Amino acid sequence: MLVDSGLVPRMRAMCERIGRRVCLYGDAAYPLSDVLLRAPKRNNRTPAMREYATAMSHYRESVEWVFGKMGSLWPFVTDATRKMIGARATSKEDWVAALLTNYHTCRYAGVANSYFETRPPTMQEYRAMYHLE
């Protein structure tokens, strides 16, 4: 599924376009790459690997905040009845909800911005990053 998504080449292209390295962090099931980091596998973790996994768990938790924000702004996203196969264009609805949530974050910031003491991109910066202009 990861290969079919084209995510890794698209991430590399985005890094080139914006002129800086950006990485996604996934669980231990994902392969390591220059744009995809993952938690170390549980067996044979060194103390340094355990410390890294603990530190990164805070970042993974922040991803849950984003999904929580999306669910609170757009409750239909978390409605289990809409997930029936073939019932609706669910993936398109989820994509639009994610896009609008990101726009909302650009305008009003979010919990993760406060937690990590960062500012969200402006809407113009966000659109340019993803060629949404």
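Since we're looking at a predicted model, the values are computed, not measured.
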Least distance between heavy atoms, [X] atom then [Y] atom:
{"X": "S72", "Y": "P75", "value": "O-CD, 4.1 Å"}
{"X": "S62", "Y": "A112", "value": "CB-CB, 4.4 Å"}
{"X": "R107", "Y": "M123", "value": "CB-CE, 3.7 Å"}
{"X": "A97", "Y": "F76", "value": "CB-CZ, 4.1 Å"}

Check for me, please, whether [X] and [Y] land in the same ILVMFWY cluster - side-chain distances under 4.5 Å, paths through other members count.
{"X": "M49", "Y": "M56", "result": "no"}
{"X": "Y115", "Y": "Y25", "result": "yes"}
{"X": "V66", "Y": "M129", "result": "no"}
{"X": "W95", "Y": "F67", "result": "yes"}

Item to check | Partner of K69 by side chain to side chain donor-acceptor pair (under 3.5 Å), out of N102, T101, T105 | outcome: T105
So, the side chain of [X] versus the backbone of [Y]: is there a donor-acceptor pair under 3.5 Å, distance only?
{"X": "R21", "Y": "D34", "value": "yes"}
{"X": "R38", "Y": "Y30", "value": "yes"}
{"X": "E64", "Y": "E61", "value": "no"}
{"X": "R12", "Y": "V35", "value": "no"}

Next on the checklist: Below 30° counts as parallel, above 60° as perpendicular, anything between as tilted: where do the rings of Y59 and F116 land?
Outcome noted: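 Geometry flag for F116 against Y59: parallel rings.
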Side-chain contact, heavy-atom cut-off 4.5 Å: [X] with [Y]?
{"X": "L24", "Y": "L37", "answer": "no"}
{"X": "L100", "Y": "L73", "answer": "no"}
{"X": "L36", "Y": "P31", "answer": "yes"}
{"X": "Y103", "Y": "R127", "answer": "yes"}
{"X": "V22", "Y": "M11", "answer": "yes"}

Next on the checklist: Quick check for you: to the nearest 0.5 Å, what is the distance between N113 atom CG and Y108 atom OH?
Outcome noted: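 One finds 14.5 Å between CG of N113 and OH of Y108.
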Checklist entry - Are more than 12 heavy atoms from other residues, nucleotides or ligands located less than 6.0 Å from atom CD of E125? => result yes
Checklist entry - So does Y126 have more than 12 non-hydrogen atoms from other groups sitting under 6.0 Å from OH? => result yes
